[in-house]
4 protein chains.
Amino acid sequence: MNSRVRELKETVCALHAELVRYDLVAWTAGNVSGRVPGEDLFVIKPSGVSYDDLTPESIVVCDLDGNLVEGDYAPSSDTAAHAYVYRAMPHVGGVVHTHSTYASAWAARGEAIPCVLTAMADEFGGEIPVGPFALIGGDDIGKGIVATLEGHRSPAVLMQNHGVFSIGASAKAAVKAAVMCEDVARTVHISRQLGTPLPIAQADIDSLYDRYQNVYGQRSSR
Amino acid sequence: MNSRVRELKETVCALHAELVRYDLVAWTAGNVSGRVPGEDLFVIKPSGVSYDDLTPESIVVCDLDGNLVEGDYAPSSDTAAHAYVYRAMPHVGGVVHTHSTYASAWAARGEAIPCVLTAMADEFGGEIPVGPFALIGGDDIGKGIVATLEGHRSPAVLMQNHGVFSIGASAKAAVKAAVMCEDVARTVHISRQLGTPLPIAQADIDSLYDRYQNVYGQRSSR
Amino acid sequence: MNSRVRELKETVCALHAELVRYDLVAWTAGNVSGRVPGEDLFVIKPSGVSYDDLTPESIVVCDLDGNLVEGDYAPSSDTAAHAYVYRAMPHVGGVVHTHSTYASAWAARGEAIPCVLTAMADEFGGEIPVGPFALIGGDDIGKGIVATLEGHRSPAVLMQNHGVFSIGASAKAAVKAAVMCEDVARTVHISRQLGTPLPIAQADIDSLYDRYQNVYGQRSSR
Amino acid sequence: MNSRVRELKETVCALHAELVRYDLVAWTAGNVSGRVPGEDLFVIKPSGVSYDDLTPESIVVCDLDGNLVEGDYAPSSDTAAHAYVYRAMPHVGGVVHTHSTYASAWAARGEAIPCVLTAMADEFGGEIPVGPFALIGGDDIGKGIVATLEGHRSPAVLMQNHGVFSIGASAKAAVKAAVMCEDVARTVHISRQLGTPLPIAQADIDSLYDRYQNVYGQRSSR
């Protein structure tokens, strides 16, 4: 187990830098986790640690109930939500949480982002949905994420008055979903400021989504 | 005293770089100060010096009446406001002032930022309030800051037509409050551009605030 | 052929960094291509490769039907559109595609950007037009680009619900057009948020365009 | 003369990097010039040269009619406007031109920026005024700048449908005015998006302006 966990800690530590690069986080907010392949474990950011100070060694290991298994720090205060997602969605290998600006602005109004961009059809296969208002501290956030995502193709959900949770087959895929979520949240917001974006027909959304999920990129490197 | 002051000058000098990193300041605007523990003194940015040129040696020391005690430069033109806060609020260890864009935009309308984000409930425990219009040069700004903050949980106040003052137990905590103030000012502004953000119930705000102030982060490193 | 292609790969690889620098792309979206002088070939970004990982060696060579001629990676999924432009417009030496935020926001509303800035008259000689909605995978996008650009002076077109395609005598000129397109898309958007920008008379647009195309810059280095 | 000109070229070359740092320019747009002390000469950016490629040696020297006196490149296409300002305003030691986003958005509507921020009272002493629409190529732009600035305290003018020209006692002071102009253009724009900023009384504007011009900063380093 040790070498696989060590490698995953390095990957997840490096992916946190992508949240900073794409301006998705301020101060210590936001976190990335990754499931340990073949184990009932995941690695996650420690709570309240600065992005500058993150090292692979500071990333902590938790079990799927969110209990700390290995590490010198307390796990992220969002650990229970990540754990719930890993328990409920076995195909998920990575989870990301941010308060990215434009996505959180939609979330504060409790409004889903309509699919009016071909890039959004590609990545999200339709709207980015809104999950319920939920307090931190129990399974309410995790339940809200899972219940909302199960009814949609979207790998990202806007939790009302809160922010974004995104999922993926890997931690990197979940980070990509968080980056693209903010990107389309921003573009659709700006488009709506001066009028109404044109809708894309459902059949075209379906065709774009199918093609992107099956053809885009290098066969082995998605 | 010397080694404690030297260390604080280094800390406060480095914290000014966070104002630049988070895009809270333009040219020489903005400043950070920190109270010297156990002394009636604080250190603060010199007036009109470029952020690139700041060194720990250029940071000046003032007494709690704002008089220069040590340093080769004139202290920040906002020194009187910082001094007033330190005199009136003994628990304050750091003060920050910025003209950060979105917060100043709310300030120019004289409008408090409503608490419609869970991150805002965490950090500010409610709205970010507005203080009075006040001219620089006497104690009016300091009085306005203190009178406004005393009625709120928020560690930040929007001074009308002016900008932000934030406080904290340390200079670092005050910088965090300034960073998060701009972050929520931006998100709530953007949310409001396309409709009305959903309110968060007062009981939920209270519960989020209590939890965050007591549980978040590593026990010893807040 | 080899040394000319190698040099072009280096140029096109370096130009991708300009898309990142000017914030025109997120994750792996966007691409630059350049026609090989004197050959029925062009070089283009590989599909789904991160901007950090792009090297001159990873840039691929295609023929004007979009078939891969040289390279270890699959070509960009937008290759067919680039190929169509090179076939139809022999004077074009470079093509760029982005989903840059403000331009895509106009594209999502299917709205041309009106020419209300002298810099826009200089570069675009009038409005930046909108092309049709078109699905990826055949020649529809390429046809839409060419049909729209042939009726305008503008080297950039907003493809409806999609993003920007820009052209130029060289790959560098096409990148410049993509950068300036986002710049004016942003400024005109922001101007329109608070009222109606003043029109520029057609005769003045003509005079600015003529001057800029013939006089600006160093005679040999356009 | 030579060493003074060489030093000024270095200063003006370095100041161009500030336009990039503060995001005031795209591609090769924008320029800074500085008057040679005691001579009827000024130095200015060459036309159409990339900011990355600027060196002190590439900065050119012109006389006050805008004729090239020394340098390997053609001078900026805005040279005539700079020259007119130097001829008409003997106290001006530096001129800056940008198409910075928010200021140009006000300029496209032909609308002055109202003085609703204390920082704006400090720097501009009132509104930032609008100058006439003018075509490039003769003295029209220069005349418009001078006629507008002579009626205002502001060191910056918004040229209609065009962009910003700013002046100062030195090239550095003119760059500061360009940076602060965009900063307040942005904040006042954002404030106005959600309502009407509160006015500042004229007497308070006067008092802030007088104080800032006379007291702020280190006595010798303005």
Side-chain angles (χ1 to χ4, degrees), chain B residues 20 23-30 46-53 58 60 71-78 97-111 113 130 132-138 140-141 158-163 182 185-186 188-194 196, chain D residues 14-15 17-18 21-24 100 102 113-123 172-173 175-201 203-222:
Chain B
V20 174
D23 245 333
L24 306 188
V25 291
W27 210 253
T28 64
S47 180
V49 171
S50 154
Y51 282 85
D52 287 353
D53 296 338
S58 65
V60 302
D72 300 330
Y73 295 92
S76 163
S77 56
D78 299 301
H97 175 48
T98 80
H99 300 157
S100 68
T101 302
Y102 285 86
S104 299
W106 289 91
R109 292 194 309 275
E111 195 175 345
I113 308 174
V130 177
F133 180 84
L135 288 178
I136 199 168
D140 288 357
I141 293 179
L158 311 174
M159 293 300 283
Q160 186 189 311
N161 295 107
H162 183 176
E182 180 64 7
R186 184 192 299 113
V188 178
H189 174 92
I190 290 170
S191 190
R192 277 254 310 253
Q193 287 186 312
L194 297 181
T196 306
Chain D
L15 285 167
E18 297 294 307
R21 183 209 294 224
Y22 282 103
D23 244 335
L24 306 188
S100 67
Y102 284 86
I113 308 174
C115 184
V116 294
L117 296 166
T118 55
M120 203 175 158
D122 289 346
E123 298 280 352
K172 185 176 179 182
V175 170
K176 182 187 180 185
V179 168
M180 299 313 291
C181 175
E182 180 65 7
D183 196 56
V184 302
R186 183 192 300 113
T187 303
V188 179
H189 175 92
I190 290 170
S191 191
R192 276 254 311 253
Q193 288 187 311
L194 297 182
T196 305
L198 300 168
I200 303 181
D204 290 335
I205 293 174
D206 293 347
S207 141
L208 286 161
Y209 181 71
D210 288 346
R211 187 183 185 285
Y212 189 76
Q213 301 303 319
N214 295 308
V215 179
Y216 182 78
Q218 307 302 327
R219 216 51 43 98
S220 59
S221 69
R222 286 299 296 282

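All of these numbers come straight from a predicted model, not from anything done at the bench.
- Contact between Trp27(B) and Tyr22(D) at its shortest, heavy atoms only, is N-OH, 2.8 Å.
- Looking at Met120(D), there are no atoms closer than 4.5 Å to chain B (heavy atoms on both sides), in backbone or side chain.
- Taking CG of Asp23(B) as the reference point, atom CG of Asp23(D) lies at 8.5 Å (rounded to 0.5 Å).
- One finds the CG atom of Asp52(B) at 4.0 Å from the CZ atom of Arg21(D) (value rounded to the nearest 0.5 Å).
- For the set Leu194(D), Leu117(D), Thr196(D), the entry with the most heavy-atom pairs within less than 4.5 Å of chain B is Leu194(D).
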Point to revise | Verdict with supporting geometry, Gln193(D) and Arg192(B), side-chain contact (heavy atoms from CB on, under 4.5 Å) | key: CA-CA 10 Å; Gln193(D) 288 187 311; Arg192(B) 277 254 310 253; over 6 Å; no

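- Nearest approach of Arg109(B) to Ile190(D), heavy atoms of both residues: NH1-O, 4.0 Å.
- Between chain D and the residues Gly163(B), Gly137(B), Ala108(B), Gly110(B), the largest count of heavy-atom pairs under 4.5 Å involves Ala108(B).
- The CD atom of Gln160(B) sits 4.5 Å away from atom CG of Leu198(D), with the distance rounded to the nearest 0.5 Å.
- Of the listed residues (Asp122(D), Thr187(D), Val175(D)), the one with the most heavy-atom contacts under 4.5 Å to chain B is Thr187(D).
- Top candidate by heavy-atom pairs under 4.5 Å with chain B, chosen from Asp183(D), Ile200(D), Val179(D), Leu208(D), is Ile200(D).
- There is no contact between Asp78(B) and chain D, counting heavy-atom distances below 4.5 Å.
- Residue contact with chain B, scored on non-hydrogen atoms closer than 4.5 Å, is absent for Glu182(D).
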